[in-house]
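Here it is: the structure, laid out below.
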Amino acid sequence: MTRFPETRLRRLRQSAPVRNLVRETSLSAQQLVLPMFVREDLSEPAAIGSMPGVVQHSLDSLRRAAADAAETGIGGVMLFGIPEVRDADGSGADDPEGILNVATAAVAAEVGDALVVQTDLCLDEFTDHGHCGVLDTSGAVDNDATLDRYRSMALAQARAGSQLLGLSGMMDGQVAAIREALDTEGFQDTLLLAYSAKYASAFYGPFREAVDSQLKGDRRTYQMDAGNRREGVREALFDVDEGADIVMVKPAMAFLDMVREVRDAVDVPVWAYQVSGEYAMIESAAANGWIDRRAAILESLLSIRRAGADAVLTYWAVEAAEWLR
């Protein structure tokens, strides 16, 4: 190995064209997925206070926003539904006339040929207790009973036109159960994104406002402990073995080590979710003039890609895509 002055590492940084030519990690619009919220009882979009610039959509505004997003060249949209009425079983989740399924059909018809229409497959938005599954008589989440609800929910979403189901509930066996249900009904081409390493995180706070969460307590019996690395890899390997097409790490920025660990362990695409708290922190700091907003957003996305994510769910997907043109 040669040393200074024969080797000058700064040669590769001397100008923007040189830096662009030797950049190891790239960021492009098609690697970005936009999470979108649609609420049943709205006629106009409603602002989300803790997420400046993000709204709960009406059905009409969702359709328009999805069309605008498709024009930027992003890779997909992930839809979250907020029903007007909730119950213990989350019955609105698999109702063909439920808000998420109706919205999925509308967005698929609008932009399904231009990007991947994706849906969150979890009960938490639809239950009156806010948990990601149904509860047993003791008040604990019943894993196996929840799988039955997930099977039904998966079929409803696939019938509505979802091309990719985001399995975010963190129930044991959910990938295998849903894959079997879909294949039995002829939906062999429906993609499964397993939220494999989904941690019980403080960074989900603003999302709870976005979906009007009814949760009391926490989800630590099914979401992962923030101190565990090996467990996250094990979860991802299990999900791949059960038939996941893609695996997810969530949150992204506080768990970049896990993005890399999972990327090195599996042979399927790895995605990461830049969650609501990460979004809110950058927006708040930028609003106070403490950081350069555009630079911080792009750097944060690039760091997630550098860690190994093949795609990133981010609330800045459309804005970043426009910058990257």
Q: Check the angle between the aromatic planes of Trp316 and Tyr279 and answer parallel, tilted or perpendicular using the 30° and 60° thresholds.
A: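 Tilted: the ring planes of Trp316 and Tyr279 meet at 30° to 60°.
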Q | Hydrophobic cluster identity match, Met224 and Phe238, side-chain contacts under 4.5 Å | A |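 Per the 4.5 Å side-chain linkage, Met224 and Phe238 are not co-clustered.
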Q) Do Glu209 and Ser50 get their side chains close enough for a donor-acceptor pair, meaning under 3.5 Å? A)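 Yes - a donor-acceptor pair under 3.5 Å links their side chains.
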Q. Which value, rounded to the nearest 0.5 Å, describes the distance between Thr314 atom OG1 and Glu319 atom CD?
A.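 Here the rounded value is 9.5 Å.
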Q) Should the heavy atoms of other residues, nucleotides or ligands under 6.0 Å from CD of Glu97 be counted, would the total exceed 12? A)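 Atom CD in Glu97 is not crowded, with 12 or fewer foreign heavy atoms closer than 6.0 Å.
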Q) Using 4.0 Å as the upper bound for N to carboxylate O, is an ion pair formed by Asp148 and Arg151? A)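 Salt bridge present between Arg151 and Asp148.
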Q: Could you grab the distance from atom CG of Leu27 to atom CZ of Arg305, nearest 0.5 Å is fine?
A: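 Leu27 atom CG to Arg305 atom CZ measures 7.0 Å (nearest 0.5 Å).
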Q. Can Arg64 and Glu110 be counted as an ion pair, charged N to O under 4.0 angstrom?
A.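 Salt bridge absent between Arg64 and Glu110.
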Q: Report yes or no: do Ile99 and Leu42 belong to one cluster of Ile/Leu/Val/Met/Phe/Trp/Tyr joined by side chain heavy-atom distances under 4.5 Å?
A: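 Each belongs to a different hydrophobic cluster.
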Q.
A quick test of your reading: do over 12 heavy atoms of other residues, nucleotides or ligands sit less than 6.0 Å from CD of Glu24?
A.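 Counting other residues, nucleotides and ligands, CD of Glu24 stays at 12 neighbours or fewer.
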(Q) Pairing donors with acceptors under 3.5 angstrom, does anything connect the side chains of His131 and Thr127? (A)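 On atom types as modelled, these side chains do not qualify, holding no pair under 3.5 Å.
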Q: Could you tell me whether the side chains of Thr190 and Gln163 share a donor-acceptor contact shorter than 3.5 Å?
A: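 No, because no side-chain N or O of Thr190 sits under 3.5 Å from a partner of the opposite role on Gln163.
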Q) Is the number of heavy atoms from other residues, nucleotides or ligands under 6.0 Å of Asp218 CG greater than 12? A)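 It does: Asp218 CG has more than 12 such atoms within range.
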Q: To the nearest 0.5 Å, tell me how far Leu100 CG sits from Arg39 CZ.
A: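 Interatomic distance, Leu100 CG to Arg39 CZ, rounded to 0.5 Å: 14.5 Å.
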Q: Consider only side-chain N and O atoms of Glu44 and Ser58, and report whether a donor and an acceptor are under 3.5 Å apart.
A: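 Their side chains do not contain a donor-acceptor pair, so the 3.5 Å distance test is not met.
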(Q) Strictly below 4.0 Å, N to O, side chains only: are Asp245 and Arg179 in salt-bridge contact? (A)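 So Asp245 pairs with Arg179 through a salt bridge.
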**Q.** Short N-O contact, Asp89 and Arg149, less than 4.0 angstrom
**A.**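 No, this pair does not count.
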(Q) Using a 6.0 Å cut-off, check whether atom OH of Tyr204 has over 12 heavy atoms from anything other than its own residue. (A)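 Counting neighbours around OH of Tyr204, more than 12 heavy atoms of other residues, nucleotides or ligands fall under 6.0 Å, so yes.
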Q. Between Arg294 and Asp292, is there a salt bridge with N-O shorter than 4.0 Å?
A.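 Salt bridge between Asp292 and Arg294, a charged N being under 4.0 Å from a carboxylate O: no.
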Q. Out of curiosity, Ile246 CD1 to Leu165 CG, how far, rounded to the nearest 0.5 Å?
A.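 Answer rounded to 0.5 Å: 11.0 Å.
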Q: Decide whether Asp142 and Thr146 meet the rule of one side-chain donor and one side-chain acceptor closer than 3.5 Å.
A: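 No donor-acceptor contact under 3.5 Å links the two side chains.
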(Q) Let me confirm one number: the OH-CD1 distance from Tyr150 to Ile178, rounded to the nearest 0.5 Å. (A)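 Answer rounded to 0.5 Å: 7.5 Å.
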Q. If Ile, Leu, Val, Met, Phe, Trp and Tyr residues are connected whenever their side-chain heavy atoms lie under 4.5 Å apart, and connections chain through other members, are Leu215 and Val141 in the same group?
A.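 No; tracing contacts between hydrophobic side chains, which count when under 4.5 Å, never links both residues.
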Q. Do the two ring centres, one from Tyr273 and one from Phe255, sit under 6.0 Å apart?
A.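 Between Tyr273 and Phe255, the centre distance exceeds or equals 6.0 Å.
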